[in-house]
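Report on the following structure.
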Number of protein chains: 2
Amino acid sequence: MNSNTVKPVRGRPKTLDRDHVLDVAMDSYWKDNIGNLSLNEICRRSGVSKPGLYREFSNEDGLMKAVLIRYQEQVLEPVQQMLNSDVPFKEALDNLISFATSVSCHDESPNGCLFIKMRESRVHLGKETQAQIDFLEKQGLVFFKKWVERSKTKGEFSVDMSSEFAATYIDAQLSNASTQLARGVAPETVKKILLVAFSVLE
Amino acid sequence: MNSNTVKPVRGRPKTLDRDHVLDVAMDSYWKDNIGNLSLNEICRRSGVSKPGLYREFSNEDGLMKAVLIRYQEQVLEPVQQMLNSDVPFKEALDNLISFATSVSCHDESPNGCLFIKMRESRVHLGKETQAQIDFLEKQGLVFFKKWVERSKTKGEFSVDMSSEFAATYIDAQLSNASTQLARGVAPETVKKILLVAFSVLE
DNA sequence: TTCATTTAGTACCACTCGGTATTTTAATTT
DNA sequence: AAATTAAAATACCGAGTGGTACTAAATGAA
């Protein structure tokens with residue numbers, strides 16, 4: 001999946017590595033708070049000139065949207081696939097907890113889910129990014145809902161609760177976990193909280 | 001509690017209204033995201049010159065700390081007093097939910113708890129403010145813990161859960177509620193989530 | 001009146017921000 | 001070789017940031 005679509009046309013050959021810039025930007029937005037990270041800093045970290053970055057992503061909004069799409073593909077999609085598989089409900093729930101509380105190893109800085117972080121600062125982001133956030137949110141809720149519905153038919157989810165609300169509740173608790181991790185709360189603590197919060201679903 | 005401590009000494013009489021500035025600043029930090037609100041804007045909104053503000057609060061850090069202290073006195077303290085009273089556990093829990101999900105009426109902009117908002121952006125704030133946040137956090141957890149302990153001796157809290165962890169769990173769920181409200185989630189939804197999350201405590 | 005004291009506010013500082021006009025450079029086509 | 005095309009980067013733009021010299025003004029004390 002090389003994003004430098006094969007197009008050896010005419011002029012000066014392109015040296016800007018789109019994937020590399022996206023990697024750096026994703027990592028940066030992830031670790032630092034989105035609102036406190038400038039384009040200048042991303043240029044500095046990725047070794048790209050500012051006009052180069054603007055040529056590739058139009059503006060800050062475009063970069064953020066691209067980062068968000070990349071995050072969806074690389075991080076969120078595997079989880080959604082897991083939910084789509086035929087793993088028993090309780091096991092899938094455990095997987096979800098493991099995923100949510102697994103700190104991305106490298107570095108000491110705080111973490112959590114980039115999507116949720118961006119969703120929290122939604123108001124201050126560009127329109128394209130906002131639209132992408134809204135899309136991902138809706139999509140995520142649909143995944144959760146379908147998962148719960150399937151689990152109900154399989155008899156693995158028997159609590160008296162609408163699938164719609166169950167999805168909202170799961171989303172809320174995962175968001176909470178992300179926020180706490182970002183704040184620096186110990187992953188084991190977050191895990192225990194999630195376990196208790198999800199115990200109402202069994 | 002007039003903060004203009006009676007000191008009619010010598011020089012030019014002070015016209016700066018500390019309480020008014022704090023009111024404006026608290027409101028501003030509360031509604032807008034803290035990180036996106038400048039000192040200049042606060043000066044503009046409160047009708048105070050910048051040097052005037054610096055004379056009163058030293059710097060941005062000092063202002064934020066002062067705002068946080070004011071927020072504790074005006075908003076948090078009443079809740080803590082309620083927890084210290086002899087209200088039955090379940091009733092106190094309901095009060096807590098009502099408090100957490102009551103949007104502060106005026107205006108359409110997002111809300112939530114200012115303390116929790118500041119705690120989430122803790123890393124990017126000044127040292128004084130950070131210290132105040134840490135103090136309030138610790139204090140809050142102690143309140144929750146004592147409340148649970150008292151409820152245990154009264155036989156109103158019988159779940160097998162350490163008071164320490166219960167306090168952490170309650171704090172986490174309230175934080176979650178605040179974050180969701182700030183994001184724009186409907187208060188009724190947030191309330192329902194809190195009800196479910198707290199149902200494990202009964 | 002004169003002087004010390006304290007506050008008020010204008011006008012500035014260096015710096016960073018998102019974004020761009022402009023020119024240079026490296027390739028292909030004619 | 002010359003013309004064309006596209007990407008490179010320097011150097012800039014106006015606006016906004018946190019913070020501060022500095023001067024004017026208002027009071028009580030001498």
Side-chain angles (χ1 to χ4, degrees), chain A residues 2-21 24-25 28-29 32-67 118 121 123-130, chain B residues 2-21 24-25 28-29 32-67 118 121 123-130:
Chain A
N2 189 353
S3 51
N4 289 330
T5 45
V6 278
K7 251 174 141 184
V9 268
R10 193 111 90 105
R12 178 171 178 170
K14 174 186 263 186
T15 61
L16 182 144
D17 186 343
R18 189 179 214 267
D19 288 339
H20 175 246
V21 174
V24 171
S28 298
Y29 284 138
D32 307 350
N33 269 14
I34 301 128
N36 297 72
L37 194 65
S38 67
L39 274 189
N40 291 319
E41 184 60 25
I42 290 177
C43 289
R44 234 166 279 140
R45 294 187 188 179
S46 60
V48 167
S49 73
K50 211 172 351 173
L53 200 145
Y54 274 84
R55 218 176 303 118
E56 187 68 31
F57 301 101
S58 300
N59 49 32
E60 196 174 29
D61 196 15
L63 174 64
M64 282 196 183
K65 178 181 177 177
V67 164
M118 294 184 85
S121 26
V123 205
H124 305 278
L125 306 180
K127 297 194 173 182
E128 297 274 309
T129 310
Q130 289 192 353
Chain B
N2 189 352
S3 52
N4 289 330
T5 45
V6 278
K7 252 163 120 192
V9 268
R10 197 115 88 106
R12 179 171 175 169
K14 173 186 260 184
T15 61
L16 183 144
D17 186 343
R18 189 179 216 265
D19 289 339
H20 174 247
V21 175
V24 172
S28 298
Y29 284 136
D32 307 351
N33 270 14
I34 301 129
N36 296 72
L37 194 66
S38 68
L39 274 189
N40 290 320
E41 184 60 25
I42 290 177
C43 288
R44 231 167 281 138
R45 295 186 189 180
S46 59
V48 167
S49 74
K50 213 172 351 170
L53 199 144
Y54 275 84
R55 219 175 300 119
E56 187 68 29
F57 301 101
S58 301
N59 50 33
E60 197 174 29
D61 196 14
L63 174 64
M64 282 196 182
K65 178 182 176 177
V67 165
M118 295 184 85
S121 26
V123 205
H124 305 278
L125 306 180
K127 297 194 173 181
E128 298 275 306
T129 310
Q130 288 191 354

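So you know, we letter chains A, B, ... as the sequences are listed, proteins then strands, and number each from 1.
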Shortest non-hydrogen contact from [X] to [Y]?
X     : Y      : result
B:D61 : B:K127 : OD2-N, 3.1 Å
B:L53 : B:L16  : N-CD1, 4.3 Å
A:L39 : A:Y54  : CD1-OH, 3.0 Å

Could you pull out all donor-acceptor pairs under 3.5 Å where a side-chain atom in residues 41-49 of chain A meets a protein atom, sequence neighbours excluded?
from	atom 1	to	atom 2	distance (Å)
A:E41	OE1	A:R44	NH1	2.5
A:E41	OE2	A:R45	NE	2.9
A:R45	NH1	A:S28	OG	3.0
A:R45	NH1	A:D32	OD2	3.4
A:R45	NH2	A:D32	OD2	3.0
A:S46	OG	A:I42	O	2.7
A:S49	OG	A:G52	N	3.3

Report the distance from atom [atom1] of [X] to atom [atom2] of [N], rounded to the nearest whole Å.
X     : N      : atom1 : atom2 : value
A:N36 : C:dC17 : CG    : P     : 11 Å
B:L53 : D:dT20 : CG    : C1'   : 14 Å
B:R44 : D:dA15 : CZ    : C1'   : 11 Å
B:E41 : D:dG18 : CD    : P     : 10 Å
A:I42 : C:dC17 : CD1   : P     : 11 Å
A:Y54 : D:dA6  : OH    : P     : 23 Å
A:R18 : D:dA7  : CZ    : C1'   : 16 Å
A:R10 : C:dT30 : CZ    : P     : 6 Å

Give a yes/no answer on whether the side chain of A:N40 brings an N or O atom under 4.0 Å of OP1 or OP2 in C:dT16.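 Negative; the distance criterion is not met.
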Could you give the angle between the helix axes at the two ends of the helix from C:dT1-D:dA30 to C:dT30-D:dA1, with five pairs per end, rounded to 10 degrees?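 Computed angle between terminal axes is 30°.
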For the CG atom of A:L63 and the OH atom of A:Y29, what is their distance to the nearest 0.5 Å?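 Going from CG on A:L63 over to OH on A:Y29, the span is 4.5 Å.
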Return the CD1 to NE2 distance between A:I34 and A:H124, rounded to the nearest 0.5 Å.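 That separation rounds to 11.0 Å.
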Can you find a pair of side-chain heavy atoms, one from B:N33 and one from A:V123, that are under 4.5 Å apart?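 Result no, sub-4.5 Å side-chain heavy-atom pair not found.
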A:V21 versus A:E56: any side-chain heavy-atom pair under 4.5 Å?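 A side-chain contact under 4.5 Å is absent here.
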Picking from D:dT17, C:dC17, C:dT28, which would you name as closest to the side chain of B:S38?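 The listed nucleotide nearest to B:S38's side chain is D:dT17.
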Summarise protein proximity over nucleotides 7-13 of chain C in one line of letters, 5' to 3': B for base, S for sugar-phosphate only, - for none, counting protein heavy atoms closer than 4.0 Å. BBBB---
Among B:K65, B:M64, B:R18, which residue satisfies the side chain to side chain contact (heavy atoms under 4.5 Å, CB included) criterion with B:F57?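 The side chain to side chain contact (heavy atoms under 4.5 Å, CB included) with B:F57 is passed solely by B:R18 among B:K65, B:M64, B:R18.
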